[in-house]
Amino acid sequence: MTLTLHNTLTRRQEPFAPLAPPRVTLYSCGPTVWNYAHIGNFRTFLFVDLLRRWLEASGFDVFHIMNLTDVDDRIIKEAGKQGVTIADLVAPFVVAFNEDRDYLRITPAHEYPRATEFVAPMIRLVEGLLANGAAYRGEDGSVYFSIAKFPAYGRLSQLDKRELKAGASGRISSDEYDKENAQDFVLWKAAKPEDEAVAAAWDAPFGRGRPGWHLECSAMALELIGRRYGAKVLDIHTGGVDLIFPHHEDEIAQSCAFTGEPDFAKVWMHAEFLNVRGTKMSKRFGNITTPRDLRTDGVEPGAIRLLVYQTHYRQRLDLTDHALAAAREGSRRLGEFARRLEAAGAPADGAGFLAAAERLSADFTAALDDDLNAPRAVAAVFEFVTAGNRLLDQGEKPGPRALESWGRTDRVLDVATQGAIYAVSVGQARGPATVLGVGADAAIEDELAEAPPIEADAQSAWALAWARRRGAAKSRRDFKDADRIRDLLKSHGWEVRDTKDGSSHVTRA
RNA sequence: GGCGCCGUAGCCAAGUGGUAAGGCAGAGGUCUGCAAAACCUCCAUUCGUCGGUUCGAUUCCGACCGGCGCCUCCA
């Protein structure tokens, strides 16, 4: 089995063959940090996370770069409105992005280059393009790339098959820059007073100004892989589908014109959109949901990951409350199983587990090797859950093989949710309660508030105290009181579950 | 107008030229004081519509209907 990936360049699925195995250079277009990134953005980053994890699980040595665009029109406009510099405007959103990324358990890239910290390489790139004739200075002082000098322009987006609608945006006529060709794109924008006002202008041999968006990625990618490996071509470049044209098309043009290489990246991969009721999630539609919104609502990261991975990355994903609820339930079940499986771990695998583990590994690998077919990988995982639960019910033991097969899927997908668990032994007069996580041991006779305390730590103690009372009620067969306490705990988000050995588990997601 | 994508059970969602994975929800059962969790069973003769190719199509081709994206410095 070999890994095959869909390449936007060829519109086909191809066996993945990095330029210098086992090394893989992976560049991902990251967020523009002008605001909080929404889960539509994070859908793409979760796709990248899966790619990254699967490449590493497959034995590749990945060097992952994700840029942070910290200078662009939106940032300058917003900074101007607020009367702050772009650096000040952006700072909190960079922090927020990192927090959200960590919350979603996305593996951090090795490098997060920021555009404003790579101005020098950008200037060198523009100089190179001016020197070899691919770029020219407009009368407004900006520098443009001439697509007439780059015959391969349009390969990625199959531009030769398109016919740009004149004035589709209604903005071409209002374009104040003077380009030689309407499709030429700006590499370096001449500084304007608004740019200066927010500290978004740099000196350059060809005039003071700021980098164009497309330029950033090329300069940063080439700089970083050049510095580290002396390479000029990326193995994989990722982004959202909306970046295919013109962003990635322009990156290819300027990069290849600069390096003389036929490719900027060997494989281009693009994630489809996440939609809300059929429409793409976007600030201007007012249908934004951010990871922090979901976090506030108590949605577990594993559930969000599961939701995303249950749809193929090249397929649009529709976010609904129903889909989210389904993912939460599924994620919870996976976590429940994981705990059960690990607790039953034995030195040797039972025959049933051996067979189930083989099947899981084979199905899981085949699915992800097939252009990251995560939905199929998830299906294989659930099939193992069902089989594993049955085997456990029959008393069979999972050994190293089963645990490793399971562990591998968990490391790649990372979609399970394990609620915090606290256990109390009750009803058997075996001495003090077995308490995991907290040391509270309130006497049964003490007064106990019906409402939980405010402090998080005290809450578990409170729940455990009630659980012990319920245990006492149970042992004197006062089931009415026992049920009342269970309902009380449930209304505050705690679940009580009795086990066969007479103890009770109290859990909170 | 150009380029492209999608339409599979109540919901989400894989998939193959030979008669449909998985998840969630739902129904019944086992277990339990009752629950919960777990397990078992059931839950699309059918894959937008109409044609065509084929021994056979949900899967290939065409048309149509419906939804969506890009062509705007949007992931």
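Letters go in sequence order (proteins before strands), and every chain restarts at 1. In this text, all values refer to a predicted model and were calculated from it rather than measured experimentally. FYI, side chains are in, hydrogens and waters are out, and symmetry mates aren't considered; it's all heavy atoms of this structure.
For B:rA75, the OP1/OP2 oxygens have a side-chain nitrogen or oxygen of A:Thr32 closer than 4.0 Å. The phosphate of B:rG69 (OP1 or OP2) has no side-chain N or O of A:Asn275 nearer than 4.0 angstrom. Residue A:Arg43 places no side-chain N or O under 4.0 Å from the OP1 or OP2 atom of B:rC74.
Taking the side chain of A:Met281 as heavy atoms from C-beta on, and the options B:rA37, B:rG15, B:rA75, the nearest nucleotide is B:rA75. Minimum atom distance to the side chain of A:Thr44 is reached by B:rA75, of the listed B:rA75, B:rA38, B:rG69. The listed nucleotides are B:rG22, B:rC24, B:rG33; the one nearest the side chain of A:Arg486 is B:rG33. Among the nucleotides B:rC68, B:rG33, B:rC74, the one closest to the side chain of A:Trp213 is B:rC74. Picking from B:rG22, B:rC34, B:rC68 the nucleotide with the shortest atom distance to the side chain of A:Asp483 gives B:rC34. Which of B:rA75, B:rA14, B:rC74 sits closest to the side chain of A:Leu274 comes down to B:rA75. In the set B:rC70, B:rC74, B:rA38, B:rC70 carries the atom at the smallest distance from any side-chain atom of A:Phe245.
In this structure, A:Val496 reaches the bases: a heavy-atom distance under 4.0 Å links it to at least one base atom across the strands shown. Looking at heavy-atom distances under 4.0 Å, A:Leu392 makes no contact with the nucleic acid at all.
For the pair A:Glu383 CD and B:rA13 P, the computed distance is 19 Å after rounding to whole Å. Between the CG atom of A:Asn373 and the P atom of B:rA14 there is a distance of 8 Å, given to the nearest Å. Residue A:Asp481 contributes atom CG, which lies 19 Å from atom P of B:rA35 at whole-angstrom precision. In this entry the distance linking CG of A:Asn287 with C1' of B:rA75 reads 14 Å, nearest Å. Atom pair A:Arg390:CZ and B:rU41:C1' shows a separation of 12 Å (rounding to whole Å applied). Atoms CZ (A:Arg477) and C1' (B:rG33) sit 6 Å apart, rounded to a whole Å. If you measure from atom OH of A:Tyr313 to atom P of B:rA14, you get 13 Å, rounded to the nearest angstrom.
Using a 3.5 Å distance cut-off with no hydrogens or angles, the side chains of A:Thr365 and A:Arg408 do pair a donor with an acceptor. Looking at A:Ser331 and A:Glu300, their side chains never bring a donor and an acceptor atom within 3.5 Å of each other.
With contacts defined as side-chain heavy-atom distances shorter than 4.5 Å, the pair A:Leu68/A:Pro113 does not qualify. For the pair A:Tyr309/A:Asp414, no side-chain contact is recorded, criterion being any heavy-atom separation below 4.5 Å from C-beta on. Side-chain contact between A:Pro291 and A:Arg101 is absent, with no heavy-atom pair separated by less than 4.5 Å. The shortest side-chain heavy-atom distance between A:Ile252 and A:Trp268 falls under the 4.5 Å cut-off.
B:rU53: no Watson-Crick or G-U partner with both key distances under 3.5 Å is found in any strand. Checking B:rC11 for Watson-Crick or G-U wobble geometry (two distances, each under 3.5 Å) identifies B:rG23 as its partner. B:rG1: Watson-Crick or G-U partner is B:rC71, with both key distances under 3.5 Å. Pair assignment for B:rC31: none, as no Watson-Crick or G-U wobble contacts are both less than 3.5 Å.
With hydrogens and angles ignored, no donor-acceptor pair closer than 3.5 Å exists between the side chain of A:Asp318 and the base of B:rC6.
Here A:Phe382 does not pack flat against the base of B:rG22, since the 5.5 angstrom centre distance and 30 degree tilt limits are not both met.
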